[in-house]
Amino acid sequence: MSTTTSDQLEANSNRNGAVSALCAYLLWGFAPIYFKLLSEIEPGEILMHRVIWSALFLLVMIVAMKKWSQLVAVFCQPKVLLLLSLSASFLAVNWFLFIWAINNNHLLDASLGYYINPLFNVVLGMLFFHERLRRNQLIAVGLAFTGVLVQLVALGTLPMISLALASTFAIYGLIRKKLPVNSFIGLFIESLLMLPIALIYWFFFVESSTSNMALNTTNLNFTLIMAGVVTTAPLLFFTAAAKRLALSTLGFFQYLGPSIMFLLATFYYQETMKSAELITFIFIWAALILYSVDSLRKRA
């Protein structure tokens with residue numbers, strides 16, 4: 001293969017990876033608009049549908065992509081299944097909090113949570129992988145901590161929703177990082193592990209007027225079922241991007257999602273932002289800029 005052809009293939013791969021990453025984070029960023037359509041339904045019921053239809057959608061994808069051998073290999077590893085059960089628990093809590101935040105007008109808190117998440121990852125990397133923090137990384141974490149402290153002092157409360165979203169997703173990522181499991185297969189197994197609980201909740205505990213899909217409108221049922229696609233489609237794009245892009249390049253796309261959420265919350269849904277909350281955002285943004293610049297210099 002000539003050098004020119006190789007360069008063209010690499011350029012095409014990078015372009016396709018960038019498009020995939022853009023699709024993933026755009027979908028994650030605009031997901032609140034979708035879940036707002038279901039604001040009249042309890043978060044637990046939305047989560048139930050999210051789990052059920054995600055599992056079904058992923059099953060169809062596994063059949064289409066002929067990934068049965070990888071799936072069976074994971075089921076032959078009890079320790080891996082146990083850890084996937086743990087990661088599924090954190091993922092379920094994260095999904096529930098995200099839905100609750102959106103449908104209770106706390107989208108700004110959700111945005112802040114996903115801004116904080118990369119910095120949580122840095123701290124977890126230090127604690128569990130013995131990664132040494134560089135000076136600028138330490139300053140970035142300190143800025144984030146100061147931003148949270150400002151809210152505690154000024155408002156008398158911590159941004160609990162933001163911290164819970166950031167920590168559950170960071171711990172979820174930590175567990176998955178330790179597991180030698182394809183992200184697509186892993187998500188299906190996690191959904192499968194949540195499925196019995198979701199079904200039990202549906203058949204025995206949900207008493208809302210929308211729990212019987214036979215009595216719902218076609219539009220509502222379609223919206224509920226598509227929650228599975230809304231959940232899994234960004235991950236498929238993300239997986240495709242991760243295979244084609246360097247992590248340093250992919251990392252810059254991760255701020256797109258919470259930025260879209262921030263703009264939606266501020267200008268479209270017009271959520272009220274207190275001055276202390278704005279100061280917290282400014283500290284977090286400063287921390288992320290410093291963290292990103294430091295990462296670029298390290299990889300240069």
Side-chain angles (χ1 to χ4, degrees), residues 1-37 50 53-54 56-67 70 91 94-95 98 102 107 110-111 113-115 117-118 121 165 169-170 172-173 176-177 181-188 190-191 223 225-265 267-268 285 288-289 291-293 295-300:
M1 184 182 293
S2 67
T3 303
T4 303
T5 303
S6 178
D7 290 343
Q8 287 176 341
L9 288 174
E10 185 177 353
N12 288 337
S13 179
N14 288 336
R15 184 171 59 252
N16 291 337
V19 170
S20 295
L22 187 63
C23 289
Y25 286 104
L26 282 174
L27 286 171
W28 272 324
F30 285 108
I33 295 177
Y34 187 87
F35 287 110
K36 280 281 190 182
L37 298 174
R50 195 174 182 179
W53 306 117
S54 291
L56 183 60
F57 178 68
L58 287 164
L59 176 61
V60 171
M61 293 299 296
I62 283 174
V63 172
M65 297 168 71
K66 299 179 180 179
K67 289 183 175 288
Q70 295 181 44
L91 186 60
N94 184 269
W95 282 358
F98 183 64
I102 292 168
L107 185 51
S111 170
Y114 289 112
Y115 274 128
N117 176 250
N121 290 337
L165 280 168
F169 200 69
Y172 169 75
R176 290 301 305 273
K177 184 177 177 65
V181 179
N182 173 275
S183 60
F184 183 78
I185 295 294
L187 182 62
F188 173 66
E190 286 164 345
S191 299
T223 306
I225 291 170
M226 287 299 291
V229 178
V230 171
T231 297
T232 54
L235 180 68
L236 296 178
F237 281 118
F238 177 80
T239 303
K243 290 179 180 178
R244 293 174 172 86
L245 294 177
L247 287 177
S248 57
T249 304
L250 189 62
F252 282 98
F253 284 96
Q254 71 183 329
Y255 305 127
L256 182 60
S259 296
I260 293 172
M261 292 180 200
F262 178 83
L263 293 173
L264 283 173
F267 299 106
Y268 188 70
W285 289 331
L288 290 174
I289 290 170
Y291 169 73
S292 299
V293 170
S295 297
L296 267 182
R297 286 177 176 172
K298 179 66 178 178
R299 294 186 174 97

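Predicted model, so just to flag it, every value in this text is computed and none were measured.
Atom CZ of F262 is surrounded by more than 12 heavy atoms from other residues, nucleotides or ligands within 6.0 Å.
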Go through the steps for Q70 and F184 under the test side chain to side chain contact (heavy atoms under 4.5 Å, CB included), then give the verdict.
-> CA-CA 10 Å; Q70 295 181 44; F184 183 78; over 6 Å; no

For side-chain hydrogen bond (donor to acceptor under 3.5 Å, both in side chains), just list the numbers for Y34 and T223, CA-CA rounded to whole Å, side-chain angles, deciding distance to a tenth of an Å, and then say yes or no.
-> CA-CA 8 Å; Y34 187 87; T223 306; 4.8 Å; no

Please lay out, stage by stage, how V230 and L27 fare under the test side chain to side chain contact (heavy atoms under 4.5 Å, CB included).
-> CA-CA 8 Å; V230 171; L27 286 171; over 6 Å; no

Yes or no on side chain to side chain contact (heavy atoms under 4.5 Å, CB included) for Y25 and Y255, after CA distance, side-chain angles and deciding distance?
-> CA-CA 8 Å; Y25 286 104; Y255 305 127; over 6 Å; no

Carefully, step by step, assess M261 and I102 under the rule side chain to side chain contact (heavy atoms under 4.5 Å, CB included).
-> CA-CA 10 Å; M261 292 180 200; I102 292 168; over 6 Å; no

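Taking both residues in full, the closest heavy atoms of L26 and I260 are given as CD2-CD1, 3.6 Å, listed atom of the first, atom of the second, then distance. The minimum heavy-atom distance linking W95 with S191 is given by the pair CH2-OG, 4.5 Å. Here the closest non-hydrogen pair linking A241 and A21 is CB-N, 3.5 Å. Residues A24 and P234 approach most closely at CB-O, 3.4 Å, considering heavy atoms. Nearest heavy-atom pair across N182 and I185 is OD1-N, 3.1 Å.
For T232, the side-chain contact (heavy atoms from CB on, under 4.5 Å) test picks out S54, F57, L58, L187, with sequence neighbours left out. Under the side-chain contact (heavy atoms from CB on, under 4.5 Å) criterion, N121 pairs with N117, A170, not counting sequence neighbours. Remark: Y268 engages L264 in a side-chain contact (heavy atoms from CB on, under 4.5 Å) (not counting sequence neighbours). Qualifying ring pair (Phe, Tyr, Trp, His ring centres under 6.0 Å) partners for F188, counting only residues two or more places apart in sequence or in other chains: none. Residues forming a side-chain contact (heavy atoms from CB on, under 4.5 Å) with I225 (at least two apart in sequence, or on another chain): W53, M213. Partners of K67 by side chain to side chain donor-acceptor pair (under 3.5 Å), not counting sequence neighbours: none found. Remark: Y172 engages R176, E190 in a side chain to side chain donor-acceptor pair (under 3.5 Å) (not counting sequence neighbours).
The aromatic rings of W28 and F238 sit tilted, their planes meeting at an angle between 30° and 60°.
Taking CD from Q254 and OG from S259, the interatomic distance works out to 10.5 Å, rounded to the nearest 0.5 Å. Atom CZ in F30 sits 8.0 Å away from atom CG in L256 (nearest 0.5 Å). Taken to the nearest 0.5 Å, the OG1 atom of T231 stands 10.5 Å off from the CE atom of M226.
Within the 4.5 Å cutoff, side-chain heavy atoms of F98 are placed close to those of Y114. Within the 4.5 Å cutoff, no side-chain heavy atoms of L107 are placed close to those of K36.
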